[in-house]
Colleague: 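Below is one structure. I have some questions about it.
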Amino acid sequence: MTSSTPCDQPVRSLISTTLATPALRADRWLLVLDLARKWSTTNAADIKKSLSSSLEKLDEVERFFAYPGAQLLERLKSCLSDDDNKAFLRLAQRISTTIVSRKYHRDASAWNMDDHDDEPLNRLPQAITHLKSTPYFEVLSVVPHARSRWPLIQEEARGVRRAEDDFIYQPVIVGNAQDALTGILLNPDIGAVVLYEGFTAQSLTENPLLAAFQSVIDFSTIGDDETLVLQLAQAIKKIRPEMDIYLLSDRNIETLAGKPESRFFNRIFYQMEEPLELHLSILEGIRNRYKTPFFDNLKRYAQRPIATFHALPIARGKSVFTSNWISDMGEFYGPNLFLAESSATTGGLDSLLEPTGNIKDAQAMAAQAFGADHAFFVTNGTSTSNKMVLQALLAPGDIVILDRNCHKSHHYGCVLAGAQPYYVEAFPLVEYSMYGGVPLRTIKQALLALKAHGDLARVKMVDLTNCTFDGHVYDTRRVMEECLAIKPDLIFLWDEAWFGFAHWSPLLRQRTAMGAAAALTESLTRPEAQQAWDKQASTLGNAPDDETLLNTRLVPDPRAVRLRVYQTNSVHKSMSALRQGSIVLVKDVDFEHVESQFHEAVFTHASTSPNLQIIASLDVARRQMQLEGYGLVSNALQIALEIRKQVNSHKLISKYFRVLNSAEMIPGAFRQSGLTDYNDPSISWDKALQSIKTDEFLLDPTRMTLSCGAAGFDGTTFKNVLADKFNIQLNKTSRNSVLLQSNINNTRSDIALLIRVLVDIATDIDKKIADNDEGYQKTFENRVHALVDDLPELPNFSHFDDRYRDQPKAPTLHGDIRRAFYDAYNEAECEYIPLDSPEIAKRLQSGPALVSANFVIPYPPGFPIMVPGQVITQGIVDFMRKLDVKEIHGFNKALGLKLLKRVPGKNKG
Ligand SMILES: *Cc1c(COP(=O)(O)O)cnc(C)c1O
């Protein structure tokens with residue numbers, strides 16, 4: 001393993017320090033435990049001193065967590081001052097294991113003051129003996145009272161608990177707004193906040209973490225009490241929009257309740273009111289997020305005795321459990337799966353296609369959770385979501401600006417809708433045989449070219465992938481602003497198949513489609529937006545040339561903009577939904593005008609037998625993210641940063657492997673902040689935040705491209721080695737890399753496992769090189785060279801053949817992909833030429849042009865290097881010949897390239 005054990009406190013970058021809290025906390029406690037052990041055996045004075053300073057450092061963080069709490073900490077400190085090293089060790093052991101195992105979430109005895117204490121500190125009502133099934137959270141109270149009164153406030157909060165409570169919480173108290181925000185950032189267990197009016201703004205201790213977040217949360221500490229309360233509430237919502245906030249005020253709360261800002265509060269109370277009311281409200285707030293309307297009903301449905309006469313023999317499991325031959329299926333899945341199966345929409349099961357009951361409610365809750373106006377559950381994956389959106393919003397002949405490397409559902413969606421794709425190119429990463437994202441300049445160029453050609457009115461949509469498979473995240477807001485400056489009613493489809501989790505990171509949220517749409521909606525109503533547009537109009541004058549427009553950071557005209565944003569999201573890829581669980585999120589001011597089309601598209605693509613378990617899992621995934629998404633996502637990010645650091649700093653591993661950093665994945669031109677690596681210990685928070693706010697592209701840390709070329713592995717081979725020998729699964733490879741991802745299910749043990757495996761493999765390579773002769777070494781070097789240096793140029797999209805374009809030789813790139821697609825249905829109009837035939841060179845030289853009859857999609861890299869109607873160039877042929885992958889969809893090696901023949905009289909151009 002590496003040098004980074006909990007004991008030597010590795011230097012962490014600032015970013016990871018923020019995210020790491022639960023992990024970092026555990027590390028710190030393990031350090032205390034380690035010292036405690038040493039102290040108990042040696043009784044050395046210097047160790048006691050280290051312990052004392054460790055405890056002081058712990059205090060800075062521990063005051064934001066309910067466990068162990070001030071009393072247990074005091075007890076620990078007194079063991080230290082009493083020189084009772086045995087008692088100290090016992091207590092340190094108990095506290096640290098409790099924190100690491102999070103036992104205090106489910107076991108009341110964890111809160112006992114000491115081993116013999118029979119009165120638990122949190123004094124649960126007798127009836128709640130099984131904490132296990134009672135979800136746990138913490139409530140942050142921000143109070144004006146003197147510190148000496150805090151234990152009383154905590155006592156009071158615990159005192160109102162009742163046996164019938166469905167959740168249990170512990171209070172955490174802070175005395176000012178800055179500490180409140182720090183607590184919200186650090187402690188993912190906080191589920192509700194209670195503001196007691198009269199608290200102060202500033203913390204006594206400097207807080208670098210909060211200073212760092214200032215620019216994200218725009219929090220200033222000026223103004224009177226009321227302003228402070230509102231500011232704090234707003235700042236909390238910026239970090240965690242799902243948070244319940246309660247205000248206890250002792251003045252005229254009716255006027256406050258009438259203000260628009262009061263929307264930040266779940267409820268406003270008089271300070272003097274019944275504590276029980278507050279307690280019940282807090283539970284109610286959590287219950288509202290916990291509610292899963294569809295899943296709850298499905299569970300009820302499964303418990304009812306029901307005789308079925310519909311067509312689904314498997315429902316209720318009778319055909320399974322009584323069978324001689326398939327009862328093992330019943331044993332494997334258990335009865336509930338079958339009890340929860342039905343093809344009826346009665347019994348409160350609702351209809352996904354025409355929801356009026358609990359599916360409608362569940363979708364409304366999802367919309368709110370994801371920051372959208374509408375949400376639609378889809379049970380056939382984002383592949384279907386994309387096709388639905390494209391078909392709903394585009395008609396034959398409409399033009400869509402489309403990333404050529406996007407998922408194939410978009411290309412097929414264009415075929416189905418009859419929309420004409422105008423392919424735009426992502427920046428290439430030739431060294432790794434992959435693509436990044438599409439530069440904004442390229443998108444603007446496409447719009448301006450279409451405008452110059454008189455076709456701007458036909459452009460309906462810009463359709464991009466955020467983030468890409470390899471982790472390139474757009475500046476969604478800027479892309480939309482600049483495009484809307486050119487055409488104010490453009491629709492945006494952001495394919496965020498991988499990126500749904502980002503909503504639960506206060507840093508990444510602004511880069512999601514919905515996050516950016518919300519920010520844009522708000523900023524467009526401000527007078528500054530109009531001023532910016534007016535200023536731009538006067539600077540640019542009447543007819544600015546394209547070059548000027550390309551070089552200007554454009555702003556849209558707020559009066560003209562119709563903000564129309566769609567986001568599709570494979571919930572199953574980053575949250576706890578079953579496979580194919582997907583969601584379409586909508587924030588479209590004109591949605592009412594397309595709603596009926598949208599429903600038609602749903603009817604076109606959705607199954608009439610949607611899978612109920614998938615719907616239920618979408619409902620549940622939303623619940624989970626709303627209640628623990630913040631902590632889970634922070635953890636996934638932290639694990640990614642840790643893996644990146646461990647791999648790249650490990651002496652042996654880094655000889656052969658490397659996780660590519662921002663600088664390697666994103667050319668400098670798109671990384672204006674200059675940030676190169678999240679783990680660079682010298683980067684300042686300012687720079688990191690600037691990067692998140694303004695870089696044209698940002699690397700999603702959780703998507704880790706592990707280059708393996710220097711180890712002599714191509715991506716596919718390495719993937720198989722990991723799967724066959726080490727049971728590590730992953731799904732994407734490139735010529736010389738594999739993609740690792742961390743998500744909400746990863747733990748720190750996964751890091752250790754990966755590092756172990758990479759050490760094993762690297763050791764093996766070292767050994768083989770040492771044990772074999774020079775010939776072996778030469779072969780190894782050659783293989784590495786072929787993988788690392790000798791890489792095929794990535795072919796750009798060429799153009800559609802003239803017969804599929806509006807005009808021959810038109811300067812714009814869109815084409816009628818649908819007509820080409822159907823022309824290929826006529827066998828007589830197609831021909832095949834093998835890739836190695838001399839005919840190819842002849843045709844490339846002197847025509848007629850080679851026109852692809854279908855999509856050709858090699859895996860990897862997984863994008864269509866030919867689409868129907870596209871002219872095949874030398875570059876594409878070269879790439880195909882060099883391609884050494886087994887899986888190429890749409891290409892039959894024996895037959896060769898499938899081409900559309902030129903049919904006299906039929907084809908124009
Ligand atoms: C996986 C993926 C899809 C398809 O989603 P499914 O849920 O697998 O149907 C679409 N777009 C992108 C970018 C994807 O990665």
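Note that the coordinates shown come from a computational prediction; the quantities given were computed from them, not determined experimentally. Computed from heavy atoms alone, side chains included, the values below leave out hydrogens, waters and symmetry copies. Each ligand, and each atom within it, is numbered from 1 in the order the structure gives.
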Colleague: Could you go through the side chain to side chain contact (heavy atoms under 4.5 Å, CB included) check for Leu493 and Thr568 one step at a time?
Modeller: CA-CA 8 Å; Leu493 169 55; Thr568 54; 4.0 Å; yes
Colleague: Indicate yes or no: does Lys732 engage Asp470 in a salt bridge with an N to O separation below 4.0 Å.
Modeller: yes
Colleague: Have a look at Leu464 and tell me which of Val438, Leu402, Ile401 forms a side chain to side chain contact (heavy atoms under 4.5 Å, CB included) with it.
Modeller: Val438
Colleague: Run the ring-ring contact (aromatic ring centres under 6.0 Å, His included) test on Phe294 and Phe377 for me, step by step, so that the C-alpha distance in whole Å, both residues' side-chain angles and the decisive distance to 0.1 Å come before the verdict.
Modeller: CA-CA 12 Å; Phe294 181 78; Phe377 290 170; 8.3 Å; no
Colleague: Can you tell me which residues line ligand 1 if we count any heavy atom under 4.0 angstrom from one of its atoms, in chain and number order?
Modeller: Gly381, Thr382, Ser383, Asn386, His407, Thr465, Asp495, Ala497, Trp498, Ser570, His572, Lys573
Colleague: Do Phe427 and His472 have ring centres separated by under 6.0 Å?
Modeller: yes
Colleague: Would you say Arg658's side chain and Val647's backbone share a donor-acceptor pair under 3.5 angstrom?
Modeller: no
